[in-house]
Amino acid sequence: MTQTLTETTKAIVRATVPALTTNGTEITAAMYKRLFENSNVRDLFNQSNQGEGGRQTKALAQAILAYAQNIDNLAVLTGAVERIAQKHVGLHIRPDHYPHVATALLGAIRDVLGEVATDDILNAWGEAFWFLANILIGREKQIYADLQSTEGGWNGWRQFAVVSKRRESDIITSFVLRPVDGCAVVRHRPGQYLTFRFDIPGLPPQHRNYSISSAPNGETYRISVKREMDGLVSSFLHDRIEEGAVIEVAPPTGDFHLPPGQERPVVLLSGGVGLTPMVSMLETIANSGQRLPVHYIHGAENGGVHAMGQHVRDIAKNREHLKTAVFYGSPHDRDQKGVHFDHEGYITIDWLAKNTPIAEADFYLCGPKPFLAAFVNGLTKAGVTEDRIHYEFFGPADELAAA
């Protein structure tokens, strides 16, 4: 972020922090209400995030508040901007979408704050919005260009056929996807996700992100999807999508990934279906021939919901540099210790400190929010520096430290 806002604008935005603290969620709820009056814009959003306690509304309110609080030091928001840009590219957001958001946001501020929202405040927030929007537009343009120019890359939606459907556990099923046009696919960075557009009869287009659970191969992608309770799209995939079905897919995006040339030891730490990007990373390291020390550590409730366990054991077999440890919180009688899992109970920071190179490793984490809140904060308290903690989580981005 190298551009600057005027000092007057920054002062006004700073002055709105108390109002945003008190009324932020009300403002973002009003903004989405205005925005979704345009069906073309509404259909770009995952509507399940608008429910479930208003997760997206709260997350956006927190993001706007963070923007105002850091208006004098926007460099701290660089990571958040990158995550947003990557998600926007997956959804095929274009510059002409931004004016709709600007109009909805400023209108919502005026609606909620009433007379407090003076012309000076609205003008300042208009300038602040477009300052950030132009940074996002520029970064998104670069990502689009890079994807288009990369071998196997594309922009927008591309048709893929389901060439394999495999049940991995009672609640997780894998789908292997190959492009209908028979051409190559861009080699994703292990940890990235794909964005999908589903046409479900009687509903507007549904968009979802699913992590890629396979190593890059230039030909196919694999996703491994958990059936969520009352999950509209996950149930559709499990129940209705069979081999031969064709679905629309955007190119791989996401800023959570194993970097090329990783040198430090790696700890892959996951809970539940959070194992999907970790399996991609593990496969990639194993296929590379690099003897990079890796600790794959996964937590599940029991063998009924534990996916890809044998697959992971097969990858690590006869590779001394790849170590695995699986924890079951409540193993079934049929779950055999030493066969299906290694430890009964839950992963702890103390266990990690004793069994992984915590002083030097890079930690990659993925799982439900409580899992991540515990381990991101726990690892930090254990002395793991921020630059060695990398995480991905499900749903709209919000502040884990508050959990």
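Note that these values count all heavy atoms, side chains included, but never hydrogens, waters or copies made by symmetry.
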Measuring from atom [atom1] of [X] to atom [atom2] of [Y], what distance do you get when rounded to the nearest 0.5 angstrom?
{"X": "L268", "Y": "H390", "atom1": "CG", "atom2": "NE2", "answer": "11.0 Å"}
{"X": "F131", "Y": "L5", "atom1": "CZ", "atom2": "CG", "answer": "4.5 Å"}
{"X": "I137", "Y": "E140", "atom1": "CD1", "atom2": "CD", "answer": "7.0 Å"}
{"X": "T28", "Y": "M31", "atom1": "OG1", "atom2": "CE", "answer": "7.0 Å"}
{"X": "K226", "Y": "L275", "atom1": "NZ", "atom2": "CG", "answer": "11.0 Å"}
{"X": "S280", "Y": "R189", "atom1": "OG", "atom2": "CZ", "answer": "13.0 Å"}

Atom of [X], atom of [Y] and distance for their closest heavy-atom approach:
{"X": "G254", "Y": "Y193", "answer": "CA-CE2, 3.6 Å"}
{"X": "A68", "Y": "L20", "answer": "CB-CD1, 3.7 Å"}
{"X": "A15", "Y": "P18", "answer": "O-CD, 3.4 Å"}
{"X": "H340", "Y": "Y328", "answer": "O-OH, 3.4 Å"}
{"X": "A382", "Y": "I349", "answer": "CB-CG2, 4.0 Å"}
{"X": "S213", "Y": "V279", "answer": "O-CG1, 3.4 Å"}

Tell me if a side-chain donor or acceptor on [X] pairs with a main-chain N or O of [Y] at a distance below 3.5 Å.
{"X": "D335", "Y": "H332", "result": "yes"}
{"X": "R388", "Y": "A361", "result": "yes"}
{"X": "T16", "Y": "A19", "result": "no"}
{"X": "S235", "Y": "L232", "result": "no"}
{"X": "S214", "Y": "R222", "result": "yes"}
{"X": "H100", "Y": "H97", "result": "no"}

For residues [X] and [Y], is any side-chain donor paired with an opposing acceptor at under 3.5 Å?
{"X": "T385", "Y": "D387", "result": "yes"}
{"X": "Q310", "Y": "R313", "result": "yes"}
{"X": "E127", "Y": "N123", "result": "no"}
{"X": "Y32", "Y": "E37", "result": "no"}

Do [X] and [Y] have side chains that approach each other closer than 4.5 Å (heavy atoms only, starting at C-beta)?
{"X": "Y98", "Y": "H88", "answer": "yes"}
{"X": "R240", "Y": "I200", "answer": "no"}
{"X": "Q262", "Y": "Y364", "answer": "yes"}
{"X": "I297", "Y": "F363", "answer": "no"}
{"X": "L379", "Y": "Y391", "answer": "no"}
{"X": "L269", "Y": "T356", "answer": "no"}
{"X": "T324", "Y": "V326", "answer": "no"}
{"X": "Y67", "Y": "L74", "answer": "yes"}

Query - Option from R166, E168, E283 for which side chain to side chain donor-acceptor pair (under 3.5 Å) with H311 holds - result: E283
Requested in this report: Give the intermediate values and the outcome of side chain to side chain contact (heavy atoms under 4.5 Å, CB included) for residues V225 and E228.
Outcome: CA-CA 9 Å; V225 179; E228 299 288 351; over 6 Å; no
Query - Test side chain to side chain contact (heavy atoms under 4.5 Å, CB included) applied to V185 and T220, step by step - result: CA-CA 7 Å; V185 298; T220 62; over 6 Å; no
Flag if over 12 foreign heavy atoms under 6.0 Å of [atom1], [X]:
{"X": "D239", "atom1": "CG", "answer": "yes"}
{"X": "E320", "atom1": "CD", "answer": "no"}
{"X": "D119", "atom1": "CG", "answer": "no"}
{"X": "K165", "atom1": "NZ", "answer": "yes"}

Query - With H92, the ring pair (Phe, Tyr, Trp, His ring centres under 6.0 Å) member among Y144, W154, F196 - result: Y144
Requested in this report: Measure from the ring center of F341 to the ring center of H306 and say whether it is less than 6.0 Å.
Outcome: no
Report task. Can you label the angle between the F198 ring and the F236 ring as parallel, tilted or perpendicular, going by 30° and 60°? Result -> perpendicular
**Report entry** side chain to side chain contact (heavy atoms under 4.5 Å, CB included) assessment of D199 paired with E248
**Finding:** CA-CA 9 Å; D199 289 320; E248 294 183 302; 4.2 Å; yes
Requested in this report: Mind running side chain to side chain contact (heavy atoms under 4.5 Å, CB included) on Q86 and R139 for me, showing each step along the way?
Outcome: CA-CA 9 Å; Q86 294 284 341; R139 176 60 183 137; 3.9 Å; yes
